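Treat the numbers as computed from the prediction; the structure is a model and nothing was measured. Chain A is the first sequence line, chain B the second, and so forth, proteins listed ahead of strands; every chain is numbered from 1.
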There are 2 protein chains.
Amino acid sequence: MTRPTSRDVATAAGVSQATVSLVLGDKWPGRVSERTAALVRETATRLGYRPNLAARNLRLGSTRTALLVVPALTNEFFARVYTGAARVAAEHGFGVVLYPSPDGTGPARDPFASARAALDGVIASSMAAHALHAIGGDTLPLVMLDSDPRAAGSAAHVNLAMADGMRQVTQHLLALGHRRFLHLASAVDSWTFDTRAEALTTLLGPGTELRTVRSPLTADDARTAMEAALAAPGGRPTAIVCDDDILAAGACKAARRLGLRVPEDLSVTGFDDLALATAVEPELTTVHLPAERVGEQGMTALLAVLEGTPWTAPDIPVTLVVRDSTGPAPTPAP
Amino acid sequence: MTRPTSRDVATAAGVSQATVSLVLGDKWPGRVSERTAALVRETATRLGYRPNLAARNLRLGSTRTALLVVPALTNEFFARVYTGAARVAAEHGFGVVLYPSPDGTGPARDPFASARAALDGVIASSMAAHALHAIGGDTLPLVMLDSDPRAAGSAAHVNLAMADGMRQVTQHLLALGHRRFLHLASAVDSWTFDTRAEALTTLLGPGTELRTVRSPLTADDARTAMEAALAAPGGRPTAIVCDDDILAAGACKAARRLGLRVPEDLSVTGFDDLALATAVEPELTTVHLPAERVGEQGMTALLAVLEGTPWTAPDIPVTLVVRDSTGPAPTPAP
DNA sequence: CAGCCGGGGTAATACGTATAACTTGACGCG
DNA sequence: CGCGTCAAGTTATACGTATTACCCCGGCTG
């Protein structure tokens, strides 16, 4: 009643276990005759044979499995990163296993144990890098996603052109005449967000004003932050740059609650281009981040590293998608 | 430069490999003295020893790993199912690996191979059941999520009380005076959606009218379907029941494009209670589905099945959350 | 003092696979 | 005719762990 092994197949087919292994591994240029090969294959399927992956992994010393470390899968962005990584992995006979909650709600246990499998390498989002390091994940081949290229030593990097994304946002808003900016920034401490903040600061020239509010990436926080910011003295901002579509949607909603129209009175931009961006009204002007491609390139990079090939690639380009949440700056009425 | 094995630890500590295994496995009631145990542990951490999971799995004949088969992780609902399953799994020393694209874009290969690890059991969403069967996954302990309890033979089931959810929706809308309904139904062929459609049909009494449009679960499809439905002759519906929040959001947007106000002219309800539901305006009246609990119970059920315990549990209750997208039926004006 | 017991450990083994090393006929060629 | 060659397999082994069965020795008991 137990699963058949390669030896069972061998016995049933009247050959040796080695032959079975050779046939099923497609390793028989001239080792096995076509006749016996066919016999072995037929027997294997007849018995419903499936190789024991644990045994194979042990023998080969490699599991063809990568660990993807991300903050939370419920964030559509990371779900898409996973999808991309898993696709490339599958094309190369690899699997991807997740470690989604290093700082989240789950029990913060050893990912290498929770993976329940030996790992060949790790792909880690910078937003979970601290957990990685605390655990000793740096003993495995490592690819970092969206992390500071100057840090992290020898690890391969896959980065989005975040600074350029912010440049596109800024230029778009400046061209529309905006001068008073509010940056709804993520409270998460990460290279990604630092880079954006820095880019925004340097790109806004003289004659402009920038206020920054840091908050967690939830719509509620956006609302609270907005109310405080718009009630502040000294003239309210006309453009709100958000680190995330969720924040942007929250900002739009908060604005309307306060009696402001978007985009007539207030322009709002986001980041990510999630499904949410086109579900809300007005549809969000936002920076499209090709999340799947991040996953794909991350896996590609890891495969290269595993082969010993040095890997490097330019930042993944991002593009501003102009929709309905931005418009000309309002003329300073009464 | 290669990873240390338990034998390396043994040699370094001056004991046998068996002792190392005993100590690290916490299997020493009186087998090993406290002194040597401490020595072994110290040596292990000093060398950075990590047990080879492949070898352990082979030896134990179990990997403590479950496969979760879902349609797509980018659907927030399934991401949350995963999260719940992974949490319970981790509490029991189990891991969860995903097979997310049986009918999606990815290469539809053998999930048991793509998992790259021997599996102890499978948790499968009904929306991917066909793929499971075609592959032979029924040879493993199986838990079905939201599938027909009468089918699938002996497999354990974890179901949401979908019919009751639809009942709450219907009663809510009937109480508001609605009599003309449009059901934006999912085109996916699944017990989940069939149950809802059936419940809706039977719950709507005489004197009511129901039209049904089946479409994929995307906002764009909702829009198209809406335009067709509202332009149809014979009086337009006043209540739109959607199988999904994404559809509902699309329906709201389409309505507004057609010059109809929600909820004054048209009431809209969703299903799932995704983050989207509160991000859009008006916030959606929708049926809250505790997705994490589905994952948790799925994993709990699988653990029970693996222990040979028969498992059964009542349907998971769902609750209608009334927000701003539903209101009294408009009085039939001119 | 012999026997026995139990604490503290070790040697040996099996899990199922992939592959290197070896074997065995049959055959071609000098 | 003898030897190298080659096709077609087979035998043997190692991967790293968990666990069973065994061993040794000091002390207690009768």
Side-chain angles (χ1 to χ4, degrees), chain A residues 2-41 43-44 47-65 93 112-113 115-120, chain B residues 2-41 43-44 47-65 93 112-113 115-120:
Chain A
T2 173
R3 278 229 320 249
T5 74
S6 65
R7 204 177 312 271
D8 296 335
V9 176
T11 318
V15 298
S16 79
Q17 180 267 332
T19 305
V20 174
S21 190
L22 287 174
V23 170
L24 269 49
D26 281 341
K27 293 282 170 96
W28 47 294
R31 318 262 309 152
V32 180
S33 74
E34 183 61 55
R35 243 169 50 84
T36 44
L39 171 64
V40 165
R41 274 190 296 250
T43 315
L47 297 189
Y49 169 71
R50 292 187 173 283
N52 181 322
L53 276 306
R56 171 184 301 191
N57 290 338
L58 174 59
R59 175 66 228 255
L60 296 180
S62 145
T63 58
R64 300 183 83 77
T65 298
F112 301 95
R116 311 300 316 165
L119 300 169
D120 283 356
Chain B
T2 174
R3 276 228 322 248
T5 74
S6 64
R7 204 178 312 274
D8 296 336
V9 175
T11 318
V15 299
S16 78
Q17 181 265 332
T19 305
V20 173
S21 191
L22 287 175
V23 170
L24 269 48
D26 282 342
K27 294 279 170 102
W28 47 294
R31 319 261 309 151
V32 180
S33 72
E34 182 61 53
R35 244 169 50 85
T36 44
L39 170 64
V40 166
R41 275 191 296 250
T43 315
L47 297 189
Y49 168 71
R50 292 187 174 282
N52 181 322
L53 275 305
R56 171 184 301 191
N57 290 339
L58 173 58
R59 174 66 229 251
L60 296 180
S62 145
T63 57
R64 301 183 83 75
T65 297
F112 301 95
R116 311 301 315 163
L119 300 169
D120 283 355

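Relative to the side chain of A/Arg31, the nucleotides C/dT10, C/dA21, C/dA12 differ in distance, and C/dA21 lies closest. Out of C/dT17, C/dT10, D/dT17, the shortest distance to the side chain of B/Val15 is found at C/dT10. Side chain of B/Leu60, nearest nucleotide from D/dT17, D/dT19, D/dG9: D/dT19.
If you take CG of A/Leu24 and C1' of C/dG16, they are 13 Å apart, rounded to a whole angstrom. To the nearest angstrom, P of D/dA8 lies 10 Å from CD of A/Glu34. Here C/dT17 presents its C1' atom at 17 Å from CZ of A/Arg50, a figure rounded to the nearest Å. In this structure, B/Asn52 atom CG and C/dC15 atom C1' are separated by 13 Å, rounded to whole Å. Regarding A/Leu22, its CG atom lies at a distance of 10 Å from the P atom of C/dA20, rounded to whole Å. In this structure, the CZ atom of B/Arg35 is 8 Å from the P atom of C/dG9, given to the nearest Å. Between the C1' atom of C/dG16 and the CG atom of A/Asn57 lies a distance of 11 Å, rounded to the nearest Å. Atom P of nucleotide C/dA11 and atom CD of B/Gln17 are separated by 11 Å, given to the nearest angstrom.
Between B/Ala12 and B/Thr43, the closest heavy-atom pair is CB-CG2, 3.7 Å.
Residue A/Thr5 is in sugar-phosphate contact alone, with no base atom involved, counting any heavy-atom pair closer than 4.0 Å across all strands shown. Across all strands shown, A/Ser33 has heavy atoms under 4.0 Å from sugar-phosphate atoms exclusively, and none from any base. Residue contacts for A/Ser16: at a heavy-atom cut-off of 4.0 Å it reaches a base atom on one of the strands shown.
Remark on DNA chain D: of its neighbouring residues B/Leu58 and A/Ala18, the 5'-side contact belongs to A/Ala18, judged by nearest-heavy-atom nucleotide.
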